[in-house]
Amino acid sequence: MSEQVNSYSAIARRSFLAAPALLGATQARAQPGRPVALATIGMIGDLLRGVGGPGISAETLIGEGVDPHLFRPTRNDIARILRADALFFNGHRLEGRMHEVLARAAAQGKPSLAVAEAIPRSRLRQNEDYPDAADPHIWMDPALWAETLPAIATTLGRLPRLDRDLAAGVGETRARLHRLDAYARDVLAPIPAERRVLVTAHDAFAYFGLRYEFRLESIQGLSTEAEASLARIEAMVRLILDRRLPAIFTESSVPDRAVRALIEGVAARGHQMRLGGTLFSDSMGRSGTYRGTYEGMMDHNITTISRALGGSAPERGMNGRL
Ligand SMILES: [Zn+2]
């Protein structure tokens with residue numbers, strides 16, 4: 001007994017003495033030497049943070065409110081891409097104007113991954129703008145987004161000096177995404193069938209619609225590069241009047257001119273429709289805030305849509321943080 005107590009206290013004393021030194025050693029190993037994994041968009045950066053944890057320094061290139069379809073890297077951005085230890089981009093032409101620099105980075109032989117292209121093509125929608133690509137907005141379905149995790153772990157696993165259990169990172173991140181998916185199913189379920197139409201500025205929400213049973217109508221197409229036609233706006237006004245839709249939505253990374261024109265067009269025919277809110281489509285909220293995380297961005301979207309169209313979401317969302 002006393003021997004046990006002694007050995008216990010000896011271990012405790014040893015641990016106590018060793019702990020700060022051990023912590024210091026971990027930090028020293030983790031800080032300057034951590035490999036840099038660079039993501040083009042925040043939604044990918046968030047997955048890297050989840051899978052790589054403290055073993056990597058996860059960075060994001062394209063900031064808040066910036067449209068990746070139109071993003072052109074500056075000289076400084078190009079330097080960051082070429083300097084990063086690993087590179088993660090979406091692919092399927094989301095980063096339409098970065099083709100050259102992504103190819104240059106791939107030619108360096110560093111670990112790199114087009115995360116959306118890791119999912120079998122048969123699971124993805126066709127990209128109407130580019131016959132050789134799929135619809136790139138896969139993060140809009142958290143369960144489908146979770147299917148990119150094994151490929152992310154494999155690519156991070158090619159980094160030397162990596163101090164992290166990647167399988168555990170995949171498991172934790174997948175559980176987080178599935179919890180988000182369950183919340184979406186729950187709070188969107190009460191929306192009546194005739195209101196299950198999502199009118200947005202551009203066509204970013206198709207995977208969301210497939211997963212949660214919404215018909216999608218966008219004013220612009222899949223990319224934000226084309227302007228909306230008058231005929232398209234007229235057709236949408238008729239659809240909204242037919243369904244007596246209560247709300248449509250703007251997007252944080254796309255100008256809202258066309259959405260406002262639509263609301264005015266509908267009002268001129270005597271139907272009062274309101275702006276349901278601003279959704280995050282291709283960009284997350286401000287870095288350092290809840291909406292600046294993938295979970296916060298999606299919670300915001302799901303909660304906003306649910307509350308505008310007659311679902312059961314609580315005002316402050318899944319975690320009470322909105
Ligand atoms: Zn988009």
Side-chain angles (χ1 to χ4, degrees), residues 29-119 136-139 145-164 166 169-170 172-173 176-177 253 280-289 291-297:
R29 208 170 46 239
Q31 288 301 322
R34 284 196 307 176
V36 172
L38 181 64
T40 51
I41 55 173
M43 295 75 89
I44 296 173
D46 202 277
L47 297 186
L48 295 181
R49 221 159 278 128
V51 175
I56 60 164
S57 171
E59 297 180 6
T60 296
L61 195 65
I62 306 177
E64 176 207 358
V66 178
D67 181 346
H69 298 284
L70 304 178
F71 179 79
R72 275 185 204 284
T74 62
R75 210 206 280 251
N76 184 41
D77 294 329
I78 292 171
R80 283 180 73 194
I81 291 169
L82 298 178
R83 212 169 43 227
D85 296 302
L87 181 65
F88 294 81
F89 56 105
N90 190 77
H92 285 305
R93 304 259 199 162
L94 178 77
E95 300 93 344
R97 301 183 178 185
M98 292 182 63
H99 207 75
E100 230 170 86
V101 65
L102 292 176
R104 257 176 79 191
Q108 287 180 316
K110 74 174 80 192
S112 65
L113 178 71
V115 298
E117 294 174 13
I119 298 177
H137 306 90
I138 291 159
W139 58 89
W145 198 225
E147 291 183 31
T148 65
L149 294 172
I152 288 176
T154 303
T155 306
L156 286 176
R158 289 175 52 205
L159 284 170
R161 304 180 274 120
L162 187 72
D163 182 14
R164 167 72 167 169
L166 293 172
V170 167
E172 286 157 21
T173 310
R176 204 155 50 83
L177 298 183
S253 55
F280 295 109
S281 50
D282 293 1
S283 157
M284 309 194 304
R286 188 155 34 92
S287 157
T289 68
R291 289 176 175 84
T293 65
Y294 173 72
E295 185 171 274
M297 159 202 189

Considering residues at least two apart in sequence or located in another chain, which fulfil the side chain to side chain contact (heavy atoms under 4.5 Å, CB included) criterion with [X]?
{"X": "Thr155", "answer": "Phe88, Pro111, Leu113"}
{"X": "Glu172", "answer": "Arg164, Ala168"}
{"X": "Glu64", "answer": "Arg286"}
{"X": "Arg176", "answer": "Asp46, Thr173, Glu295"}

Hits for side-chain hydrogen bond (donor to acceptor under 3.5 Å, both in side chains) against Thr40, two or more places apart or cross-chain, chain-then-number order -> Glu95

Can you give the donor-acceptor pairs under 3.5 Å from side chains of residues 77-87 to other protein atoms, not counting sequence neighbours?
| from | atom 1 | to | atom 2 | distance (Å) |
| --- | --- | --- | --- | --- |
| Asp77 | OD2 | Thr74 | N | 2.9 |
| Asp77 | OD2 | Thr74 | OG1 | 3.1 |
| Arg80 | NH2 | Glu59 | OE1 | 3.2 |
| Asp85 | OD2 | Val36 | N | 2.7 |

(Q) For the backbone of Asp282 and the side chain of Trp139, can you confirm whether one donor and one acceptor N or O come within less than 3.5 Å of each other? (A) no

Applied to residues 101-110, the salt bridge (charged side-chain N to carboxylate O under 4.0 Å, His left out) test, sequence neighbours excluded, yields none

So CD1 of Ile138 and OG1 of Thr148: to nearest 0.5 Å the spacing works out to 8.5 Å

CD1 of Ile44 to CH2 of Trp145, rounded to nearest 0.5 Å, is 4.5 Å

Residues passing the salt bridge (Lys or Arg N to Asp or Glu O under 4.0 Å) test with Arg49, sequence neighbours excluded, are none

Those residues at least two apart in sequence (or on a different chain) that pass salt bridge (Lys or Arg N to Asp or Glu O under 4.0 Å) with Glu117 are none

